[in-house]
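For reference, the structure discussed in these notes is given below.
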Amino acid sequence: MNRRYVPDLPEQNALSEANFLRLEKLLGGLKNSHYDFQWFGRNNEPVQVHAEIIERFKFTSTVNLIKQNSALPKPMDRVQLTIRMYHDARMAEVVTWDSGRQLSGVYPYPNDRMYQIDEKAQANVFLGEWLAHLLRHGVAEREWTPS
């Protein structure tokens with residue numbers, strides 16, 4: 001039987017904590033409701049990222065992140081993640097991918113949606129890589145001026 005590696009709970013918690021810190025740094029403590037960023041990809045094509053705080057409570061916030069890259073063919077040109085930030089635990093996790101249903105922690109395989117057994121863990125790794133790239137290469141559009 002071919003088993004896929006599923007990160008253990010301490011690894012998942014460390015990733016969730018790192019993603020919370022990345023989001024907090026990127027969004028400056030969530031003072032605003034909307035944030036826009038961009039970087040330039042291959043062939044100098046702009047890649048835009050829009051972040052919107054859609055829920056804000058005492059202990060949690062929900063953020064929609066949308067990445068738009070017109071250089072890619074549809075449907076790969078747009079990626080949307082919904083992230084829940086837990087302020088008391090200082091953790092963040094992907095709760096939905098592309099406006100779909102809420103992601104489960106583990107899926108049986110095979111399943112109707114063809115999710116991998118560790119789909120949620122993969123989504124959180126993707127979020128971490130995306131946020132790290134945005135922190136390194138992204139520029140807030142309101143502050144960006146061409147050189």
Side-chain angles (χ1 to χ4, degrees), residues 1-43 45-141:
M1 181 176 183
N2 186 6
R3 291 188 181 206
R4 189 165 178 82
Y5 171 73
V6 178
D8 62 14
L9 189 58
E11 288 177 68
Q12 290 181 41
N13 287 346
L15 179 59
S16 293
E17 290 168 355
N19 285 344
F20 181 91
L21 293 172
R22 289 177 183 119
L23 275 168
E24 191 175 57
K25 184 174 183 179
L26 189 65
L27 304 180
L30 295 109
K31 294 178 182 101
N32 300 324
S33 294
H34 299 275
Y35 300 84
D36 290 300
F37 305 93
Q38 73 175 5
W39 72 83
F40 291 95
R42 292 188 182 171
N43 301 323
E45 291 286 336
V47 177
Q48 280 124 2
V49 176
H50 175 72
E52 180 180 2
I53 313 303
I54 56 173
E55 292 179 334
R56 198 185 307 250
F57 298 106
K58 183 175 182 178
F59 297 111
T60 63
S61 294
T62 305
V63 180
N64 259 354
L65 276 181
I66 300 170
K67 180 177 80 166
Q68 194 79 33
N69 184 349
S70 59
L72 295 175
K74 292 184 186 226
M76 296 183 311
D77 63 334
R78 185 178 186 278
V79 176
Q80 178 178 338
L81 300 177
T82 303
I83 299 118
R84 179 119 343 104
M85 296 178 71
Y86 304 95
H87 302 291
D88 53 342
R90 299 189 56 77
M91 299 174 112
E93 67 172 346
V94 176
V95 290
T96 66
W97 182 282
D98 283 329
S99 301
R101 290 184 294 183
Q102 188 165 348
L103 289 171
S104 177
V106 177
Y107 287 93
Y109 192 82
N111 56 68
D112 293 341
R113 298 189 63 127
M114 293 307 297
Y115 283 152
Q116 296 294 317
I117 191 171
D118 63 341
E119 192 79 19
K120 187 169 191 166
Q122 288 184 44
N124 284 312
V125 168
F126 175 76
L127 173 65
E129 291 171 352
W130 184 10
L131 293 173
H133 181 83
L134 190 54
L135 284 167
R136 267 193 307 274
H137 303 289
V139 179
E141 286 187 353

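- Qualifying side chain to side chain contact (heavy atoms under 4.5 Å, CB included) partners for His87, counting only residues two or more places apart in sequence or in other chains: Phe20, Leu30, Ser61, Met85.
- The line from CD of Gln38 to CD of Glu45 is 11.5 Å long, rounded to the nearest 0.5 Å.
- Classified by interplanar angle (parallel below 30°, tilted 30° to 60°, perpendicular above 60°), the ring pair Tyr35/Phe37 is parallel.
- Remark: side-chain polar atoms of Asn32 are not paired, donor with acceptor, to backbone N or O of His34 under 3.5 angstrom.
- Within the model, atoms CD of Gln48 and CZ of Arg78 stand 12.5 Å from one another, a figure rounded to the nearest 0.5 Å.
- In this structure the side chain of Leu81 never reaches within 4.5 angstrom of the side chain of Thr96, judged on heavy atoms.
- The distance from atom CG of Asn19 to atom CD of Glu93, rounded to the nearest 0.5 Å, is 10.0 Å.
- Looking at every heavy atom in both residues, Ser33 comes nearest to Arg56 through OG-NH2, 3.5 Å.
- The shortest distance between side-chain heavy atoms of Val125 and Leu15 falls below 4.5 Å.
- The main-chain N or O of Val94 is found under 3.5 Å from a side-chain atom of Asn124 such that the two form a donor-acceptor pair.
- In this structure, the separation between NZ on Lys67 and CG on Asp77 is 10.5 Å, given to the nearest 0.5 Å.
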Is there a side-chain contact (heavy atoms from CB on, under 4.5 Å) between Ile83 and Val95? Walk through the geometry before answering.
CA-CA 6 Å; Ile83 299 118; Val95 290; over 6 Å; no
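- Here Leu65 contributes atom CG and Leu23 contributes atom CG; the two are 6.0 Å apart, rounded to the nearest 0.5 Å.
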Begin with the C-alpha distance, continue with both residues' side-chain angles, and end with the deciding distance and a verdict on side-chain contact (heavy atoms from CB on, under 4.5 Å) for Ile53 and Leu27.
CA-CA 10 Å; Ile53 313 303; Leu27 304 180; 4.2 Å; yes
Should Arg90 and Glu24 be marked as a side-chain contact (heavy atoms from CB on, under 4.5 Å) after you check the CA-CA gap, both sets of side-chain angles, and the distance that decides it?
CA-CA 9 Å; Arg90 299 189 56 77; Glu24 191 175 57; 2.8 Å; yes
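- Side-chain contact between Trp39 and Leu134 is present, with at least one heavy-atom pair separated by less than 4.5 Å.
- In this structure, a donor-acceptor pair under 3.5 Å is present between the side chains of Thr62 and Arg84.
- Distance CE/Met91 to CG/Leu21: 10.5 Å, rounded to 0.5 Å.
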